Amino acid sequence: MRWILVLMGIVGIVLQLPTSAPAADGPLAPHRIGNRTYQLFVPPGGGRRPLVIALHGGGGNGAQVAKSAGLIDKAAREGFILALPEGSSRFGKLETWNAGGCCAYAMRKKVDDIGFIRSMIDELERTQSVDPNRVYVVGISNGGMMAERVAIELGDRIAGAAVFVGALFGNEPKPVAAVPMLIVNAEKDEQVPVAGGTSTTGIVRRSQGMPYKPSRYAATFWATANRCTRGPAKTETADYVRELWTGCASGADVDFYIMKGAEHGWPGRGLGRPGVTRNTGKIDGTALMWDFFATHRR
């Protein structure tokens, strides 16, 4: 019973509105690596193309994040290959990622998600027309936490990372390489509070293994790791506060946003925890993600 309650709580940090897996807006081809799976969208066209790996939120799945964030439409327009790996779960649903300090089944079982994502990149670079200098990862909530781990441990394989309403935990190793980072958090997020600590939702809190560090900690962690020499340059509008670090090793700038008045969800999509999230801010997270990725390569 306790496992059921904990996994139900993970739905509180799922970032997509649908509670069942909808069909995404385009053809997704399933693939398997050992006992793990991912879905793939390859837009028409030829030549070497960027690869974007999108990591769903805790309790979600690849089809959900693809549909709710409009990622297939964006991939078709911009010409990037989209990979949607699936987390793991004791029950085959409500999938999570082992981000070190969160979440639930994957964390407690110490699932080797880094190994899985590394193998997926290897396979896609071997079998698809992927430009190895333009491999990116984006994640949301528990998936955002996992994207941080990918950036830390596989930074020599990726050209940039985008983290939406995610967090670090303070026990991270030194990144293997400088990685351009886009980090976006929500001012009124109760699932991953900007101030850090634990979720104010009890069942979600029990899915954590460690308290979150404050949101700005992740930005300063990466600014230090990337040896940035300028910033942060601060910009404030009615919708967000932005801090930007530049002059970083290998051009690996760090771009950090706090969305004013926003709650837990994919930025600007109006989608989050059913019945709870009412405002995900006015930043278009999908457009911001791609604009950031398009300006960086290894």
Side-chain angles (χ1 to χ4, degrees), residues 28-42 48-58 60-62 65-66 71 75 80-89 95-164 166 168-169 171-182 218 221-222 225-226 250 252 289 293 296-298:
L28 286 173
H31 294 261
R32 179 174 292 274
I33 298 177
N35 66 344
R36 302 297 298 273
T37 60
Y38 68 94
Q39 299 187 71
L40 190 68
F41 173 74
V42 181
R48 294 286 183 180
R49 288 178 283 183
L51 168 65
V52 173
I53 300 164
L55 305 177
H56 62 75
N61 58 53
V65 71
L71 292 175
F80 62 81
I81 296 170
L82 176 65
L84 300 160
E86 305 289 356
S88 55
S89 169
E95 300 164 350
T96 61
W97 301 102
N98 176 18
C102 194
C103 291
Y105 176 84
M107 175 194 67
R108 293 190 175 96
K109 292 297 182 180
K110 295 181 169 51
V111 174
D112 184 11
D113 285 322
I114 289 293
F116 167 43
I117 293 170
R118 180 189 290 112
S119 296
M120 186 185 70
I121 294 172
D122 289 342
E123 179 170 277
L124 292 174
E125 289 184 352
R126 185 177 65 252
T127 62
Q128 303 292 328
S129 56
V130 170
D131 181 347
N133 293 317
R134 292 188 294 167
V135 176
Y136 309 97
V137 61
V138 59
I140 186 160
S141 192
N142 180 211
M145 301 168 202
M146 189 67 217
E148 297 261 23
R149 282 200 63 197
V150 171
I152 289 168
E153 299 190 41
L154 301 180
D156 55 346
R157 302 294 301 276
I158 66 170
V163 178
F164 295 146
L168 290 176
F169 300 93
N171 62 345
E172 291 77 22
K174 181 180 178 180
V176 299
V179 177
M181 297 294 298
L182 170 65
F221 172 89
W222 282 106
N226 292 353
S250 304
M289 170 205 78
F293 288 165
H296 295 92
R297 60 187 300 142
R298 281 200 308 120

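A quick note: this is a predicted structure, and the numbers were derived from the prediction, not measured.
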CZ (Arg48) and CD (Gln128) are apart, to the nearest 0.5 Å, by 10.5 Å
*Is the closest side-chain heavy-atom distance between Ile117 and Arg149 below 4.5 Å?*
no
| Pair Val138-Val65, side chain to side chain contact (heavy atoms under 4.5 Å, CB included): steps then yes or no | CA-CA 11 Å; Val138 59; Val65 71; over 6 Å; no
Counting only N and O atoms by type, is there a donor-acceptor contact under 3.5 Å from the side chain of Asn226 to the main-chain atoms of Ala178?
no
Report yes if the side chains of Leu84 and Leu28 come closer than 4.5 Å at any heavy-atom pair, otherwise no. yes
- request: State, yes or no, whether a side-chain contact exists between Met289 and Tyr136 at a heavy-atom distance under 4.5 Å.
  value: no
What do the steps show when you test Ile81 against Leu124 for side chain to side chain contact (heavy atoms under 4.5 Å, CB included), and what is the final call? CA-CA 10 Å; Ile81 296 170; Leu124 292 174; 5.6 Å; no
Interatomic distance, CE@Met145 vs CG@Asn98, rounded to 0.5 Å, equals 12.0 Å
Exercise. Compare all side-chain heavy atoms of Arg49 with those of Val42 and state whether any distance is below 4.5 angstrom.
Key: yes
Before you tell me yes or no, could you show the steps for His56 and Glu95 under side chain to side chain contact (heavy atoms under 4.5 Å, CB included), namely the whole-Å CA-CA distance, both residues' side-chain angles and the distance that decides it to 0.1 Å? CA-CA 9 Å; His56 62 75; Glu95 300 164 350; 3.4 Å; yes
Shortest non-hydrogen pair, Ala147 vs Ala162, comes out as CB-O, 4.2 Å
Check: Is there a donor-acceptor pair closer than 3.5 Å between any side-chain N or O of Trp222 and the backbone N or O of Leu182?
Finding: no
Check your understanding: Can any side-chain N or O of Thr96 pair as donor or acceptor with the backbone N or O of Ala106 at less than 3.5 Å?
Key -> yes
To the nearest 0.5 Å, atom CD1 of Ile114 lies from atom CD1 of Ile152 at 8.5 Å
When rounded to the nearest 0.5 Å, the distance separating CD of Glu123 from CZ of Arg32 is 12.0 Å
Separation between CZ (Arg298) and CG (Asp131), nearest 0.5 Å, reads 9.0 Å
Which class fits the ring pair Tyr38 and His31: parallel under 30°, tilted 30 to 60°, perpendicular over 60°?
parallel
| Are any of the side-chain heavy atoms of Pro85 and Phe116 separated by less than 4.5 Å? | yes
Note: Ala75 and Leu82 closest approach over all heavy atoms is CB-CB, 4.3 Å
CG (Leu55) and OG (Ser141) are apart, to the nearest 0.5 Å, by 11.5 Å
Salt bridge (Lys or Arg N to Asp or Glu O under 4.0 Å) filter on Asp122, not counting sequence neighbours, yields Arg157
By salt bridge (Lys or Arg N to Asp or Glu O under 4.0 Å), Arg36 pairs with (sequence neighbours left out) Asp113
Shortest non-hydrogen pair, Asn142 vs Ala99, comes out as ND2-CB, 4.1 Å
